[in-house]
Amino acid sequence: MADYILAKHISKHLNEEITLKGWIYNIRKSGKIWFLIFRDGTEFIQCVVLKNEVAEKVFDLKSTLTQESSISVTGIVQEAPRQDIGYELLVKDIEVIHIAEEYPIALKDHGVDFLMDKRHLWLRSKAPFAIMKIRAEIEQACRDFFNERDFTLVDSPMFTPNASEGSTTLFETKYFDRKAYLTQSGQLYSEAAVMALNRTYCFGPCFRAEKSKTRRHLTEFWMVEPEMAFFDIYDDMDLAEEFVSYLVQRALKNCRRELEILGRDISKLESVKTPFPRITYDEAVEILKKKGYDFEWGGDFGAPHEEAIAEDFEKPVMIWRWPAVLKAFYMKRDPEDERYVLGVDMIAPEGHGEIIGGSQREEDINTLLERIEKEKLPKEDFEWFLDIRRYGSVPHSGFGLGFERTIGWICGTHHIRECIPWPRTMARLKP
RNA sequence: UCCGGAGUGGCUCAACGGUAGAGCGGGUGGCUGUUAACCACUAGGUUGUAGGUUCGAAUCCUAUCUCCGGAGCCA
């Protein structure tokens, strides 16, 4: 058993003498009293050092300790109503492990570029700490959600042999004497997997070489992609809203402290329960027209359009039944009107953009072949994918949830690069 | 790729044609309840780079680099 406790468990040790091991977040000095804000990666604790409670050499540490120095601190746990967590430590002894050099990150404003250059240190600060905790909790929630619903995890490969979907730009890499591409989605593999395992999901990084420089884009981001045999578009939307609601409620249940640290308006998350509003593309266009946008049927929604549509709803809104011209070849045509496909996007509130893209898939091989030919995709590369339609084809559906965008919405961060430990953007490959 | 914005001490910014300043961080001193503590003193900058205009350029012009925001594309 370790001879120290984790700071997050401090409340279980009221009036006991305990030892904590960690780092100094901040020091506030006075004459015969000083305060050190201690952190150990599980919680932030104020420690009080009183001149007549400690040895002189311990008291004098106030002039040698620096921000981010590592220490072992022993003291008595006391109630402290003015502290966020309600407790503080009355220090009895401090053992110095390492005196940190002058720390570059002050507890003041810094620019994004500076902080990202120092990402390896910035992670120690309060907001990144809270976001990483929430990210880990939501990732676990994703896995729990699907495990509880008879889904099997079937992860897809990162290396892919061809530029299948065509539309987005892929990262190309050497693969021995051939070329390979980094995956942009696991969906096509999942479509094969559900014919083997009925309901599956994959959860991993995706790569897009788009030259996007906005607060909603990364070149490497994570996506959760469930795929379900025998699901139609309605089942797909039912699952999507249940899933998103589950994630938000899970954050509210298990990440209160972290959301508080981030100053998130919790009331906005509390209302995120099923059912979510569903509108068709045509209805969305009507909303835009009523708001004075000059928008033609058949166009795709840009970020300002998405925001204009989403601002009417306090929950995420699903837009479905899209013009076929806008969507990928594998989406199923609406049987009632060939101009539409049974695709759905989910737009998060508060300007966080599209968090889900999904659809019912085209299960008829001839229709699929038509679209492959029409979009001039390399048919030979899709032979394995067409096999899914040759051997016991069934209706099936799925969607992909952009993980960082979802975290960004739950945490209320301005830019999704804060929602991944080591962000990769067009301009950033380090650290 | 296109359209905007910004590059000034370690950091965040000010000065917008006339002697480069402040706050934070660092150093020194003071303070027994601080909450990004406070108070006093102190060190620290050839203003992204290369040209040009001018008696004089951080400031105006040209080129270039970097970053930021957005568009397109997307999660």
Side-chain angles (χ1 to χ4, degrees), chain A residues 25-37 44-53 59 62-63 66-68 78 80-85 88 90 100-118 121-122 125-127 165-170 184-187 205-225 240 244 299-307 326-328 344-348 352-358 399-409 414-417 419-420 425-428:
Chain A
Y25 194 62
N26 193 17
I27 297 177
R28 287 188 280 270
K29 300 169 191 174
S30 192
K32 298 190 177 69
I33 183 171
W34 55 283
F35 305 88
L36 79 82
I37 311 305
F44 295 76
I45 307 275
Q46 171 164 282
C47 302
V48 187
V49 189
L50 283 162
K51 192 169 177 68
N52 53 21
E53 291 279 344
F59 190 80
K62 75 169 178 173
S63 55
T66 54
Q67 188 185 0
E68 287 304 321
Q78 298 184 328
R82 281 190 292 174
Q83 295 297 307
D84 289 350
I85 58 155
E88 66 181 13
L90 178 65
E101 294 176 25
E102 191 183 325
Y103 194 65
I105 301 177
L107 300 176
K108 283 280 181 181
D109 291 334
H110 292 287
V112 192
D113 197 46
F114 173 79
L115 288 171
M116 278 304 175
D117 279 341
K118 302 271 183 283
L121 301 176
W122 187 28
S125 298
K126 257 188 175 174
E165 284 184 53
S167 61
T168 52
T169 325
L170 299 183
Q184 59 170 335
S185 158
Q187 184 202 313
C206 296
F207 307 88
R208 307 257 169 112
E210 295 154 5
K211 292 184 176 175
S212 299
K213 294 185 290 185
T214 81
R215 62 172 185 269
R216 299 177 308 280
H217 287 88
L218 297 167
T219 53
E220 178 182 320
F221 66 98
W222 284 57
M223 193 148 65
V224 195
E225 294 173 277
V244 169
D300 204 355
F301 302 136
H305 300 126
E306 281 181 359
E307 228 171 305
L326 291 176
K327 294 294 183 182
V344 58
D345 284 359
M346 188 190 289
I347 315 294
H352 290 276
E354 183 184 341
I355 53 171
I356 279 181
F399 62 85
L401 173 130
F403 194 60
E404 284 76 19
R405 285 190 185 173
T406 303
I407 302 300
W409 163 47
H414 178 69
H415 196 304
I416 64 168
R417 71 189 144 207
C419 298
I420 188 166
T425 63
M426 219 174 112
R428 180 162 299 282

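Order of the sequence lines sets the chain letters (A, B, ...), proteins ahead of strands, with each chain counted from 1. Because the structure is a prediction, the values reported are computed rather than measured.
- Scanning all heavy atoms of the two residues, the minimum distance from A:Thr219 to A:Met426 falls at CG2-N, 3.9 Å.
- Nearest heavy atom pair, residue A:Gly357 against residue A:Asp345, reads CA-OD1, 3.8 Å.
- For A:Arg417, no side-chain nitrogen or oxygen approaches OP1 or OP2 of B:rC67 to under 4.0 Å.
- Nearest nucleotide to the side chain of A:Arg82, out of B:rU1, B:rG70, B:rU35: B:rU35.
- As judged by a 4.0 angstrom heavy-atom cut-off over every strand, A:Leu218 is placed among the base-contacting residues.
- Between A:Lys32 and B:rU32 there is a side-chain polar atom (N or O) within less than 4.0 angstrom of OP1 or OP2.
- Checking B:rC73, B:rG33, B:rG70 against the side-chain heavy atoms of A:Arg215 singles out B:rG70 as nearest.
- Nearest-nucleotide assignment on RNA chain B puts the 5′-proximal partner with A:Arg428, out of A:Asp300 and A:Arg428.
- Among the heavy atoms of the strands lying under 4.0 Å from A:Phe114 are primed sugar atoms or P, OP1, OP2 only; no base atom is included.
- Within 4.0 Å of A:Glu404, counting heavy atoms only, lies no atom of the nucleic acid at all.
- Once the 5.5 Å centre distance and the 30° plane angle are applied, the aromatic ring of A:Phe221 is found stacked with the base of B:rA75.
- When heavy atoms are screened at a 4.0 angstrom cut-off, A:Gln83 is found touching base atoms of the nucleic acid.
- Here the side chain of A:Asp109 is nearest to one of B:rU35, B:rU12, B:rG26, namely B:rU12.
- In the set B:rG70, B:rU1, B:rA37, the nucleotide with an atom closest to the side chain of A:Lys211 is B:rU1.
- Residue contacts shown for A:Leu50 include a base, since a base heavy atom lies under 4.0 Å away.
- Counting only heavy atoms from C-beta on, A:Lys213 has its side chain closest to B:rG69 among B:rA37, B:rU32, B:rG69.
- For A:Thr66 (side chain) and A:Glu101 (main-chain N/O), no donor-acceptor pair under 3.5 Å exists by modelled atom type.
- Contact annotation for A:Arg216: base contact, defined as any heavy-atom pair under 4.0 Å involving a base atom.
- Nearest approach of A:Lys29 to A:Ile27, heavy atoms of both residues: CG-CG2, 3.7 Å.
- The listed nucleotides are B:rC11, B:rU35, B:rC73; the one nearest the side chain of A:His110 is B:rC11.
- If you check B:rC73, B:rC67, B:rC31 against the side chain of A:Ala427, the one that comes closest is B:rC67.
- Listed nucleotides B:rA37, B:rU32, B:rG69 differ in distance to A:Arg28; the shortest reach to its side chain belongs to B:rA37.
- Closest contact between the side chain of A:Thr214 and the listed nucleotides B:rA75, B:rG33, B:rG70 involves B:rG70.
- Among the nucleotides B:rA71, B:rC67, B:rA75, the one closest to any side-chain atom of A:Ile416 is B:rA75.
- Among the atoms of the strands shown, base atoms are found under 4.0 Å from some heavy atom of A:Asn52.
- Both A:Arg405 and A:Pro304 lie close to RNA chain B; mapped to their nearest nucleotides by heavy-atom distance, the more 5′-ward contact belongs to A:Pro304.
- Base engagement by A:Lys29 is indicated by at least one non-hydrogen atom pair under 4.0 Å involving a base atom.
- Considering only side-chain N and O atoms, A:Asn26 lies under 4.0 angstrom from the phosphate OP1 or OP2 of B:rA37.
- At the heavy-atom level, A:Gly353 lies nowhere under 4.0 Å from the strands shown.
- Residue A:Glu88 is classed as a base contact, given a heavy-atom separation below 4.0 Å to a base.
- With sequence neighbours excluded, the residues that form a ring pair (Phe, Tyr, Trp, His ring centres under 6.0 Å) with A:Phe403 are A:Phe203.
- Taking a pair as Watson-Crick or G-U wobble with both distances under 3.5 Å, the runs of three or more consecutive pairs in RNA chain B are B:1-7 with B:65-71, B:10-13 with B:21-24, B:26-30 with B:38-42, B:48-52 with B:60-64.
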